[in-house]
Amino acid sequence: MPGQFKTSALASALRVVLPVSFVTFSSFVLAENSSVNNSAAEAAVEVIAVYGHQGGSRSATKLDLTVYETPQVVTVVSRPQIEDFALYSVNDLLSYTPGVTVESAETERTYFTARGFDIVNFQYDGIGVPFSAGLSQGSYDTAIFEQIEVIKGAAGLVTGLANPSATVNYLRKRPTQELFGYVTLAAGSENHRRLEGDLSGSISERFRGRIVAAKDTADSYLDRKADDTSQLYLVGEYDLTDRTELTLGHSVNNDKADGSLSGALPLYYTDGTPTNYAISTSTATDWAYRDNKTTQTFAELRQQLSDDWSLNILLSQNKMAQDAELFYVYGTPDKATELGLNGYASAYKLDEKHRIADIYLSGSYTLAGRKHELMAGVNYANIDLFGQSFFDYETGYPVLGADWAAGSSPKGVFDNTDPYTTGHLDKQIHQSFYLATRLHLSDALSVLLGARAMSVEQSGYSYGVDSSSDASETVPYVGGVYQLNDTVSLYASYSEVFTPQSFVDTGFKALGVAKGDNSEVGVKFLLNNNRATASAALFRADLKNVGEFVEVINGVNTYTGLDYQSQGAELELTGSITDQFNLSLGYTWLESVEGNDGQQVRTYVPRNLVKLSGVYYPQAIANLSVGASVQWQDSIAITPETDIRIRQGSYALLDMFVRYNLTENLSVALNATNLTDRKHYESLYWTQAYYGAPTQWQAAVTWRY
């Protein structure tokens with residue numbers, strides 16, 4: 001009877017909720033925890049208590065290996081970590097992730113790096129394609145994610161198209177068998193307001209559904225900046241038979257940013273001394289904005305063919321649209337007068353669509369008296385992208401006065417332009433076939449062998465230059481794990497990747513693809529009855545023919561192909577160290593990132609990076625949890641064309657939270673970020689930068705069912 005009541009209650013609730021508009025619904029619901037698997041309802045409480053993820057993961061190979069069994073460093077950030085530290089945006093989430101740096105060159109344009117190179121491939125439930133421009137645009141809310149898995153190095157089996165840095169796989173929430181839900185209301189600094197909620201459970205014996213929504217608004221510590229993000233996610237699972245499951249899902253993420261930066265602050269004066277503006281200083285005008293909308297629709301069919309074999313069909317369509325009006329400020333100011341800067345206004349529109357199909361077969365077979373695993377699949381992706389810039393030709397490039405930081409430059413009129421000379425069109429067809437097997441050569445030794453054969457057909461143009469090119473490549477994957485005992489294993493792996501590029505060289509010829517590989521050896525440990533995992537790895541990554549900007553010729557950005565290599569070590573520890581203590585620790589040491597001639601390059605990437613976070617549940621005070629996070633990096637630098645070296649010294653950011661459960665269902669929390677109020681640049685990826693946020697506070701109340 002109780003189970004029937006819950007099912008009926010959810011069915012009634014969804015019949016009321018589903019027709020309601022998002023604006024109405026956002027005052028009612030949003031998100032939290034369930035297992036990625038359908039059967040996880042019974043384990044929900046246990047999952048909440050553990051950082052990271054110690055179970056199976058298909059992110060690195062599509063074989064159901066645990067993080068411990070995978071011959072690469074795999075970093076997992078789980079839902080409890082996201083909630084404890086209020087990691088509401090993807091940028092917040094990845095800045096917390098060990099081994100990853102978030103390079104916010106502009107407020108709505110972000111690059112990510114790992115092992116010295118840019119991360120360009122982001123997947124959703126194991127499906128994705130590289131960023132079209134090598135960077136992320138806008139802010140994506142994390143309410144719909146159960147966890148993220150970051151595969152360090154080259155994940156040649158699951159992507160092939162990437163850099164030997166990392167591949168990020170976002171795992172979306174899935175329906176639970178039992179009725180589950182929560183609502184969180186949060187408020188904080190800079191007039192921040194957030195409402196999120198999640199409702200999940202069985203609607204009938206064979207159908208499970210989940211609905212997640214979030215509404216997040218805030219002003220900013222930056223002058224004239226304001227953000228408004230809305231997200232809605234619907235997903236349903238239907239058991240067509242006892243062995244056949246169909247999943248359908250759809251999400252919409254709307255991100256609207258007023259006062260969006262195009263470029264950022266100048267870093268030095270004409271006399272070579274560094275600038276030092278107030279943290280709130282912005283070059284954005286009072287009319288500048290950048291709006292991004294992302295919709296994702298996916299379908300999955302999982303057919304259990306036998307006790308050992310399954311067929312998986314995954315379809316996805318992603319649409320991205322951007323509308324922006326921006327004001328770019330450039331030049332070098334005089335220290336005494338602040339004169340010497342120019343600006344220009346522009347508008348930009350972008351429409352991008354990805355249609356992706358992935359079909360793979362996985363299972364086990366017996367050979368030489370031992371059981372082994374096999375996976376084989378095909379992948380197809382169709383990408384259409386069109387972006388166009390519009391300029392204010394009448395105003396041109398105005399000389400700015402000493403009050404340039406007031407953001408009062410007039411908007412002007414954006415004229416229609418020729419799409420061929422002021423736009424970029426990119427059409428790509430990706431096709432690949434992949435195969436992998438794990439051979440158990442003995443009780444202690446397993447070997448992973450695989451390969452991915454790919455082809456990319458690209459046609460289009462970029463700002464008046466043809467950017468068509470075709471490429472094909474077969475990338476291998478090999479790895480081995482030797483288990484010394486039940487809790488310690490040694491591993492080694494090698495994988496290759498390649499990345500299509502739409503850049504042209506100074507002769508306006510296509511630059512071609514960048515190719516990379518990653519080698520690593522390491523040791524992994526299981527701790528505290530398998531509730532925590534530790535790893536230590538040595539790695540070397542190479543990337544050849546990487547497009548590096550040279551100059552603008554006739555209005556066209558031109559590039560040259562450079563070869564880079566990085567090497568270093570990574571240490572990680574994640575999980576429940578004791579029943580009272582959860583921990584996530586990561587240390588990345590880049591011994592070097594070298595260019596063609598052995599010189600140190602990409603010096604804006606820290607050579608030493610530490611990320612430590614933990615939560616403590618004191619026995620003396622029931623229902624209380626206290627946590628802290630420290631992110632430390634050593635000094636970084638950039639040398640512009642003027643040979644004036646801009647440097648930022650090492651620094652640490654301290655975040656803290658405290659949560660208290662008032663009842664079994666109701667909790668309150670207080671979070672603080674950058675508690676020491678450390679002034680720092682967000683990034684030195686470009687020769688312009690803006691400052692990171694000062695101390696921020698937030699209070700939240702959560703009701704769970």
Side-chain angles (χ1 to χ4, degrees), residues 103-111 220-226 257-290 324-348 389-415 422 549-553 555-557 604 636-648 679-693:
E103 307 290 342
S104 294
E106 298 172 335
T107 50
E108 276 65 54
R109 300 216 306 170
T110 309
Y111 300 84
S220 173
Y221 67 95
L222 293 173
D223 294 337
R224 299 173 295 282
K225 184 81 163 60
D258 292 332
S260 178
L261 281 173
S262 175
L265 303 175
L267 298 179
Y268 56 92
Y269 291 111
T270 52
D271 65 358
T273 60
T275 59
N276 186 22
Y277 298 111
I279 290 175
S280 61
T281 307
S282 170
T283 60
T285 58
D286 51 15
W287 48 263
Y289 71 91
R290 188 163 0 208
E325 293 182 354
L326 305 165
F327 191 76
Y328 179 69
V329 174
Y330 64 99
T332 306
D334 177 77
K335 189 172 185 178
T337 66
E338 286 293 339
L339 297 175
L341 297 180
N342 291 69
Y344 70 85
S346 66
Y348 181 72
S389 299
F390 304 87
F391 301 100
D392 178 9
Y393 291 111
E394 182 176 346
T395 304
Y397 305 91
V399 176
L400 305 182
D403 63 344
W404 56 266
S408 57
S409 297
K411 177 178 176 180
V413 178
F414 300 116
D415 298 324
T422 64
F549 176 77
V550 177
E551 61 180 324
V552 178
I553 302 177
V556 178
N557 290 338
Y604 53 82
I636 56 175
I638 187 171
T639 305
E641 295 80 358
T642 56
D643 292 331
I644 298 173
R645 189 168 178 81
I646 306 301
R647 182 179 179 275
Q648 176 165 263
K679 187 176 183 180
H680 63 285
Y681 286 123
E682 279 288 298
S683 171
L684 290 182
Y685 194 94
W686 291 349
T687 55
Q688 296 177 322
Y690 69 98
Y691 295 105

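Side chains included, hydrogens not; waters and symmetry mates left out as well; all remaining heavy atoms used.
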Do you know which two heavy atoms are closest between [X] and [Y], and how far apart they sit?
X: S260; Y: L326; result: O-CD2, 3.9 Å
X: G343; Y: P398; result: O-CD, 2.8 Å
X: T281; Y: A405; result: CG2-CB, 3.9 Å
X: S262; Y: T283; result: O-OG1, 4.2 Å
X: A264; Y: Y690; result: CB-N, 3.8 Å
X: S104; Y: S683; result: N-CB, 3.7 Å

Query raised in the report: Considering residues at least two apart in sequence or located in another chain, which fulfil the side-chain contact (heavy atoms from CB on, under 4.5 Å) criterion with T422?
Result: Q388, F391, Y393, T417
Query - Residue list, side-chain contact (heavy atoms from CB on, under 4.5 Å) with D286, at least two apart or on another chain - result: R224
Query raised in the report: Do E338 and Y269 have a side chain donor and acceptor closer than 3.5 Å?
Result: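 Distance-only check passes for E338 and Y269.
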Query raised in the report: Which one of E325, E108, E106 satisfies the side chain to side chain donor-acceptor pair (under 3.5 Å) criterion with R290?
Result: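 Exactly one candidate clears the test, E106.
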Rounded distance (nearest 0.5 Å) linking atom [atom1] of [X] with atom [atom2] of [Y]:
X: L222; Y: L265; atom1: CG; atom2: CG; value: 8.5 Å
X: I279; Y: H680; atom1: CD1; atom2: NE2; value: 8.5 Å
X: L339; Y: D334; atom1: CG; atom2: CG; value: 7.0 Å
X: S280; Y: Y221; atom1: OG; atom2: OH; value: 10.0 Å
X: L267; Y: I638; atom1: CG; atom2: CD1; value: 7.5 Å
X: T332; Y: D271; atom1: OG1; atom2: CG; value: 10.5 Å

Requested in this report: Evaluate the side-chain proximity of L400 to F327: yes if any heavy-atom separation is below 4.5 Å, no if none is.
Outcome: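 Contact flag for F327/L400 side chains = yes.
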Query raised in the report: Would you call Y330 and Y344 a side-chain contact if the rule is heavy atoms closer than 4.5 Å?
Result: yes
Please check if the side chain of [X] supplies one atom and the backbone of [Y] the other of a donor-acceptor pair under 3.5 Å.
X: T107; Y: L261; answer: yes
X: T275; Y: P266; answer: yes
X: Q688; Y: V329; answer: yes
X: D403; Y: A406; answer: no

Requested in this report: Apply side chain to side chain contact (heavy atoms under 4.5 Å, CB included) to K679 and N276, showing your working.
Outcome: CA-CA 10 Å; K679 187 176 183 180; N276 186 22; 2.7 Å; yes
Query - Residue that, paired with Y277, satisfies ring pair (Phe, Tyr, Trp, His ring centres under 6.0 Å) out of Y691, W404, Y268 - result: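 Among the candidates, only W404 passes.
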Report task. Please work out which of the three classes, parallel, tilted or perpendicular, describes the rings of Y111 and Y685, given edges at 30° and 60°. Result ->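 Y685 vs Y111 ring planes: parallel.
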